[in-house]
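Contents: one structure, followed by commentary.
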Amino acid sequence: MTIRGAALIAGAFEHPLRKIPDKSVAQVHAEVAVGALADAGLTLSDVDGYFCAGDAPGFGALSMADYMGLHVSYLDSTETGGSSYLAHVGHAAAAIAAGKCEVALVTMAGLPVSAPGPGAVTPSAPEFAFENVFGTTTPSMYALAARRHMHEFGTTSEQLAEVKVAASLHAQHNQNALLQKVVTVEDVINSPLIADPLHRLDCCVVTDGGGAVVVVSPAVAKRLDRHAVAVLGHGEAPKTANRGRIDLTHTGAVWSGPLAFAEAGVTHADIDYASIYDSFTITVVETIEDLGFCPKGQGGAFVASGALRAPDGGLPFNTDGGGLCNNHPANRGGMTKILEAVRQLRGEAHPAVQVPDCEIALAHGTGGSLGTRMGSATLILGRET
Amino acid sequence: MSETVDTHGAEAHIGSDLLAPTPPISAETRAFWEATTRGELQVTRCRTCEEYTWYPRGFCPHCGGLEVEWVRVSGKGEVYSWSVVRRGGLGDYRGAEPYVLAYVELAESVRMMTNIVDVDESALAIGLPVEVVFHSTEGEAALPRFAPVQG
C-alpha cells in the first residue's frame, strides 16, 4: 500500500504575526486550527483525526483536543522536532488510506520570543551528561557540521551565504516576514560570528507564531470548493549519532528522500519548487545534496550558482523567505515548509516568486540537530486540478 | 549595514579557565564519572561483539547485548570538528564565551563531544592531536576535556 492519491491537503494557514505577546501557546494552536479549517471550508466539528508535536502544551494531543473541543477517532503526537509536521502529513495520509479518519488536522505553535520555555533536551535524556555539559548550543552544533563539510568538500562561507541571500531576495516580497531586507554575501560574512564558521546571518530567526494544515480524503476534497493539493509521497528517517561514529556531513534526507520519491513516482527533474528546512545555511546545503539535487559535496557550488533563486533558478526554494528571513515559530520550521509548498501548488505565492506552472513540490524538514541526532522527513506534493 | 566582526582575535588563547559544571550522574553512568575523578577516561565495550560505544551506556547498540564492560582508553585522539562558541552560551555557560565545542575522535575510533581547552585559536584545526585533561567539578565527577598534545 502507498499513500499516493490517498489524501490531499485541503486547508492551510500561517499565523501572520511574528511576536504574539498577549496569547497562550494553546490559544495560537487553536487560532491556526480554525484558520486552516476555514481555508478548507470546514469546521472543528468535521475533524476526526488530530496531529501535533512537542510544541503542544501540557498533555500534548490530549490537552489540545480537550482545549479545542475535538471529538476524534485518531491521534498522533510523533515528535521529531521541527520536522514533526511533515511526518504528521504522511501519517495522516496513511491513516486516511486505512480508513481511520478522513479529516486530519495538524497544528503547531510556539512563543519563543514572548514566552520562552525550557529546551527540548532535559537532564534525564541519556545523552545530556555527555553533550550538554560541554556547553552545546544549537548554532554551535550546526557549526560542527559546517566545519566538517568545509573540510571534506571545500565548501566556503561565501557559498553558505548565498543561501541567505536567496532567502532574503524572496522575503522582500513577504510583508509578514520578520526580515524583509535584501542582503548580500558580504553582509552575511561580515555579520558577527555566533559559532565559527557560522555568522549571525547564517542562522534562522527566532519568532512566535504557528501554522496548521488539514489533510482530507479524496471524497471529502471532492465536496469542497477549495483547491486541494495531493499528497504524493512521504519518507521519514531518524539519523543518529551512530553509536559514537557520527558523520557530520550528511543528514537523514539520504534515507527519507528516496522513500518519498519512490512513493510519489517522480524524479528530481519533476520538482518545480522545494521547501528546504533552513535552520542554518549549512542545513540547506547538506539537505539538497542528500536529496540528490546535486552530487555529494557539490552543494556549495550548486547554491552559489543561484539555483535557489525564484522564480528562474533550477531549484527555487523557500519563496516565503523561509526560516532564515520569514519566521521560525517555536524554533520549528517544518510546518511553514509545507505551507509555502501548498501556496506554490495553488499558484498563491507572491507573484514575484511564484514558480510558473508549478505542478510538483517537495517539502523537507530537519528536526533535532545536524551535530548529534535528527529526524528527517520529506513530502512530495502535487497540484490537483 | 550589519555589524562588523568583533571578537575574532586570531591570537586568542582559549579555555584555560573554562568553568566545569557538574553533570547529572545516574546509576547507569556512575562508574564513568568515578573514573574521571581518578583521571581515567572509560568507554563501554560489549562483552559479546566487543564494539566500543559512545556515549557510554549499559547496553550495546551494535548487537543488542546487555552485558557491557567499562574499559579505560588512552585518552589520545584528534579533532574531528570544532567551533568557537562566541555568543549564546546557555545555563552555566552563559557569559563563558568564547569556548571551543568539538568532536574528538579517540584512538579507539569513537567520536565524543567535548571542549578543547588551553589552546591558541590559531592552532585549532581538524586533525589536531589532542589528549584528555580532567576538570574537577563540585560533584563526584570531572569533565573529560582535551588539550593539544605538547611538543
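In what follows, every chain begins at residue 1, and chains take the letters A, B, ... in the order their sequences are listed.
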When rounded to the nearest 0.5 angstrom, what is the spacing between CD1 in B:Ile126 and CE in A:Met150? 10.0 Å

Give a yes or no on whether B:Glu140 atom CD has more than 12 heavy-atom contacts from other residues, nucleotides or ligands under 6.0 Å away. no

What's the shortest heavy-atom distance between B:Val110 and A:Arg245, and which atoms? CG1-NH1, 3.6 Å

For chain A, which candidate among B:Pro56, B:Gly91, B:Ala96 shows the most heavy-atom pairs at distances under 4.5 Å? B:Pro56

So CZ of A:Arg243 and SG of B:Cys63: to nearest 0.5 Å the spacing works out to 10.0 Å

In chain order, what residues pass the side chain to side chain donor-acceptor pair (under 3.5 Å) check against A:His328, with sequence neighbours excluded? none

Under 4.5 Å to a heavy atom of chain A? For B:Ala141 that would be neither

Max heavy-atom pairs within cutoff under 4.5 Å with chain A, candidates B:Asp92, B:Leu106, B:Thr114, B:Thr137, goes to B:Thr114

Pair count under 4.5 Å, heavy atoms only, with chain A: among B:Gly89, B:Ser109, B:Cys60, highest is B:Ser109

Best-contacting candidate, B:Leu90, B:Thr53, B:Val84, against chain A by heavy atom pairs under 4.5 angstrom: B:Val84

Kindly give the heavy-atom pair with the smallest separation between A:Arg148 and B:Tyr80, and that separation in Å. NH1-O, 2.8 Å

Chain A contacts, top residue of B:Trp33, B:Trp54, B:Tyr55, B:Tyr52 (heavy-atom pairs, under 4.5 Å): B:Tyr55

B:Val85, B:Asn115, B:Leu18, B:Val43: which one forms the most heavy-atom pairs within less than 4.5 Å of chain A? B:Asn115

Using a heavy-atom distance cut-off of less than 4.5 Å, which residues of residues 126-146 of chain A contact chain B? A:Pro126, A:Glu127, A:Phe128, A:Ala129, A:Phe130, A:Glu131, A:Asn132, A:Val133, A:Phe134, A:Gly135, A:Thr136, A:Thr137, A:Ser140, A:Met141, A:Ala143, A:Leu144

Quick one: what part of B:Phe32 sits under 4.5 Å from any heavy atom of chain A, side chain, backbone, both or neither? side chain

Might you work through the side-chain contact (heavy atoms from CB on, under 4.5 Å) test for B:Leu124 and A:Arg147, ending with a clear yes or no? CA-CA 12 Å; B:Leu124 283 165; A:Arg147 174 85 62 196; over 6 Å; no

Between B:Thr29 and chain A, with a heavy-atom cut-off of 4.5 Å, which part of the residue counts as in contact: side chain, backbone, both or neither? side chain

Approximate separation, where rounding is to 0.5 Å, of A:His199 NE2 and B:Arg86 CZ: 9.5 Å

Within 6.0 angstrom of A:Lys296 NZ, more than 12 heavy atoms from elsewhere: yes

OH/B:Tyr103 to CD1/A:Ile246 distance, rounded to the nearest 0.5 angstrom? 3.5 Å

Looking at every heavy atom in both A:Thr372 and B:Met113, which two are closest together, and how far apart are they? CG2-CE, 3.7 Å

